[in-house]
Peer 1: 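Have a look at the structure that comes next, please.
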Amino acid sequence: MASGVFGLDIGRSFVKVVQIKSTGNKKMLIGAGTTVTPGGGIMSESPIELKKVADSIKSCVETAKIDTDKCAVSLIESQVVSRLISFPTLTDKELSAAISWEAEQYIPLPIKDVNLQYKVITRPAAGSNEKMSVLLVAAPKRVIAKYINVVKNAGLTIAAMETESAALVRSLTQHEDPTTIIVSMGALSTELVIIKSGSIVFTRSIATGGFNLTKAISSEFNLPQNQAEQYKHAYGLDETKLGGKVAAVLKPILDILVSEILKAVEFSHTHVGEAPVVRLIITGGGSFLPGLSSYLTEKTSLEVTLGDPWLSFAKEGIITKLAGQGSVYSVATGLALRS
Ligand SMILES: Nc1ncnc2c1ncn2[C@@H]1O[C@H](COP(=O)(O)OP(=O)(O)OP(=O)(O)O)[C@@H](O)[C@H]1O
Ligand SMILES: [Mg+2]
């Protein structure tokens, strides 16, 4: 049976949709597609622009031959506030009574204006002096209302909503994996997510993405945006191309990311205890930058791999036509895997 819910990732440069069919342990990709996101995308406050976003979602769903109108949608990470907080060990009941009051100290928004979710990450045994850690996620009600409206204007309904990082964890990691940092590079931002034993212990959204790289090439070589984009795809960090000039423009921007990755890894060592980060999964459209994996290996000393959300999928049907492109669908696949 086809899954009743498809995954919808409304990125700021591309909309991505994914539908999956699961039979027993077998997972099959039965629909996938991407369309350019018009104008300011979902971050826009203009009803006209938001209507265009709805139209592009609709056309993406039609072209990808998605056969359900129910979707799970991801919230852009920078629009939500995620915090890992420590508590004296509480029972579920005590925690649910304490959480909104506690959240006020950590969430820089009035609690009445947000939807609050939380998940216990570690709970030490009763009587232990150690603290429990809880991941708090607050999404502004105004943002949620905007997503509901855009999706409704696309002729669809939202069955579930979650953060991009929650979707990435589902599509790219397994519970038994070693502690891992996912680096998801989109157009306008890069998401860092650290996962330990299947749980998120750290998230950060950095306002540096593929668009910054294109812009830097465009201004350095005085090229129009589309040509700068081609340079980026063709040369990337390859030192042997154009005398390494493109690589030299890109590296200082990527070094901002590297420094944030190293800070995140350090944070997880000091705050989450043993089981250090050993693995880095790079994903999102930006992960296709030539030479990026080896650059990150050199700078972080972690084991770097390109994220493939379809690794365990049956290699039949449309997946064979999309070989090597999975990374851009990591969020949409994680959403589709919810059901
Ligand atoms: N081959 C490639 N080499 C380098 N960069 C690439 C390549 N292919 C795509 N990109 C970049 O990937 C980015 C788009 O990726 P993606 O679709 O994941 O972003 P998005 O989800 O729309 O953005 P965001 O997550 O910031 O909202 C663009 O900046 C694009 O230039
Ligand atoms: Mg994205």
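All of these numbers come straight from a predicted model, not from anything done at the bench. All values below come from the heavy atoms of this structure, side chains included, with hydrogens, waters and symmetry mates left out. Each ligand, and each atom within it, is numbered from 1 in the order the structure gives. Each residue takes its place number in the sequence, starting with 1.
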Peer 1: For atom 25 (O) of ligand 1, find the nearest protein heavy atom and state the residue, atom name and distance (0.1 Å precision).
Peer 2: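 So the nearest neighbour among protein heavy atoms is G186 CA, 3.7 Å.
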Peer 1: Could you check R123 against D92 for salt bridge (Lys or Arg N to Asp or Glu O under 4.0 Å), going step by step and ending with a plain yes or no?
Peer 2: CA-CA 10 Å; R123 178 181 268 135; D92 281 344; 2.6 Å; yes
Peer 1: Should G286 be counted as touching ligand 1, given the test is an N or O pair under 3.5 Å?
Peer 2: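 Such a contact does occur with ligand 1.
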Peer 1: Consider every N or O of L188 and every N or O of ligand 1, then say whether any pair is closer than 3.5 Å.
Peer 2: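 Min N/O separation from ligand 1 is below 3.5 Å for L188.
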Peer 1: In the protein, which heavy atom is nearest to atom 31 (O) of ligand 1, and how far is it?
Peer 2: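 The closest heavy atom on the protein side is E229 OE2, 2.3 Å.
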Peer 1: Out of curiosity, E303 CD to I281 CD1, how far, rounded to the nearest 0.5 Å?
Peer 2: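 Between atom CD of E303 and atom CD1 of I281 there are 9.0 Å.
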Peer 1: List the closest protein heavy-atom neighbour of atom 16 (P) of ligand 1: residue, atom name, distance to the nearest 0.1 Å.
Peer 2: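 The closest heavy atom on the protein side is K16 NZ, 3.6 Å.
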Peer 1: Near L289, which atoms of ligand 1 are under 4.0 Å from a heavy atom of that residue?
Peer 2: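 Contacts of ligand 1 toward L289, numbered from 1: 3 (N), 4 (C).
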Peer 1: Regarding atom 1 (N) of ligand 1: of the candidates F211, F288, F14, which has the closest heavy atom?
Peer 2: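 When every heavy atom of F211, F288, F14 is considered, F288 comes closest to atom 1 (N) of ligand 1.
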Peer 1: Enumerate the atoms of ligand 1 whose separation from the nearest heavy atom of G11 is less than 4.0 angstrom.
Peer 2: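 Matching atoms, with element in brackets: 20 (P), 21 (O), 22 (O), 27 (O).
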Peer 1: Which of the numbered atoms in ligand 1 are under 4.0 angstrom from any heavy atom belonging to G210?
Peer 2: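 Once the distances to G210 are compared, the set is 29 (O).
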Peer 1: Check step by step if salt bridge (Lys or Arg N to Asp or Glu O under 4.0 Å) holds for E239 and K251.
Peer 2: CA-CA 11 Å; E239 298 281 356; K251 281 181 181 175; 2.3 Å; yes
Peer 1: Give the atoms of ligand 1, by number and element, whose distance to some non-hydrogen atom of S189 is under 4.0 Å.
Peer 2: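 Those of ligand 1 that fall under 4.0 Å from S189 are 26 (O).
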Peer 1: Going by atom types only, do T333 and S171 share a side-chain donor-acceptor pair under 3.5 Å?
Peer 2: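 The criterion, which ignores hydrogens and geometry beyond distance, is not satisfied for S171 and T333.
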Peer 1: Using a strict 4.0 Å cut-off to heavy atoms of R12, name the atoms of ligand 1 that fall inside it.
Peer 2: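 Close to R12: 20 (P), 22 (O), 23 (O), 24 (P), 26 (O), 27 (O).
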Peer 1: Flag A187 as yes when one of its N or O atoms lies below 3.5 Å from any N or O atom of ligand 1, and as no otherwise.
Peer 2: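 Yes: some nitrogen or oxygen of A187 is under 3.5 Å from one in ligand 1.
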Peer 1: What protein heavy atom sits nearest atom 8 (N) of ligand 1, and how far off is it?
Peer 2: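 In this structure, atom 8 (N) of ligand 1 has H233 CE1, 3.3 Å as its nearest protein heavy atom.
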Peer 1: May I ask you to check if ligand 1 and G285 share an N or O to N or O distance below 3.5 Å?
Peer 2: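 Right, the criterion is met.
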Peer 1: Is there a salt bridge (Lys or Arg N to Asp or Glu O under 4.0 Å) between E220 and K245 once you walk through the steps?
Peer 2: CA-CA 10 Å; E220 179 70 21; K245 283 190 195 143; over 6 Å; no
Peer 1: Run the contact test for E191 against ligand 1 with a 4.0 Å cut-off on heavy atoms, strictly below, and give the result.
Peer 2: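 Judged by the 4.0 Å heavy-atom criterion, E191 does not count as contacting ligand 1.
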Peer 1: S74 and E164: side-chain donor and acceptor closer than 3.5 Å?
Peer 2: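 There is no such pair (donor and acceptor under 3.5 Å, judged by atom type) between the side chains of S74 and E164.
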Peer 1: Is it the case that more than 12 heavy atoms not belonging to R204 sit under 6.0 Å from its CZ atom?
Peer 2: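 Open.
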Peer 1: Look at atom CD of E104 and say whether more than 12 heavy atoms of other residues, nucleotides or ligands are closer to it than 6.0 Å.
Peer 2: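 Yes, because the 6.0 Å sphere around CD of E104 holds more than 12 heavy atoms from other groups.
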Peer 1: Measuring from the heavy atoms of G209, does anything fall under 4.0 Å of ligand 1?
Peer 2: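 Flag not set, G209 not near ligand 1.
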Peer 1: So which protein heavy atom does atom 14 (C) of ligand 1 come closest to, and at what separation?
Peer 2: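 Atom 14 (C) of ligand 1 sits closest to the protein heavy atom S13 OG, 3.4 Å.
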Peer 1: Looking only at side-chain N and O atoms, does Q325 offer a donor or acceptor that is under 3.5 Å from a partner on S327?
Peer 2: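 Looking only at side-chain atoms, Q325 and S327 do not form any donor-acceptor pair under 3.5 Å.
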Peer 1: Can you run down the side chain to side chain donor-acceptor pair (under 3.5 Å) pairs that involve residues 53-65, sequence neighbours left out, and say none if there aren't any?
Peer 2: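 Counting only pairs at least two positions apart or across chains, the side chain to side chain donor-acceptor pair (under 3.5 Å) contacts touching residues 53-65 are K51-D55.
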Peer 1: Is a donor from one side chain sitting under 3.5 angstrom from an acceptor on the other, for S199 and S197?
Peer 2: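 Result is no, nothing qualifies.
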Peer 1: Does a side-chain heavy-atom distance below 4.5 Å link L135 with Y118?
Peer 2: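 In short, these two side chains do not touch, never coming nearer than 4.5 Å.
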Peer 1: Could you tell me whether T37 approaches ligand 1 through its side chain, its backbone, both or neither, with non-hydrogen atoms closer than 4.0 Å?
Peer 2: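 For T37, no heavy atom sits under 4.0 Å from ligand 1.
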Peer 1: Starting from atom 5 (N) of ligand 1, what is the nearest protein heavy atom, named by residue and atom, and what distance separates them?
Peer 2: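 Result: K232 CE, 3.4 Å.
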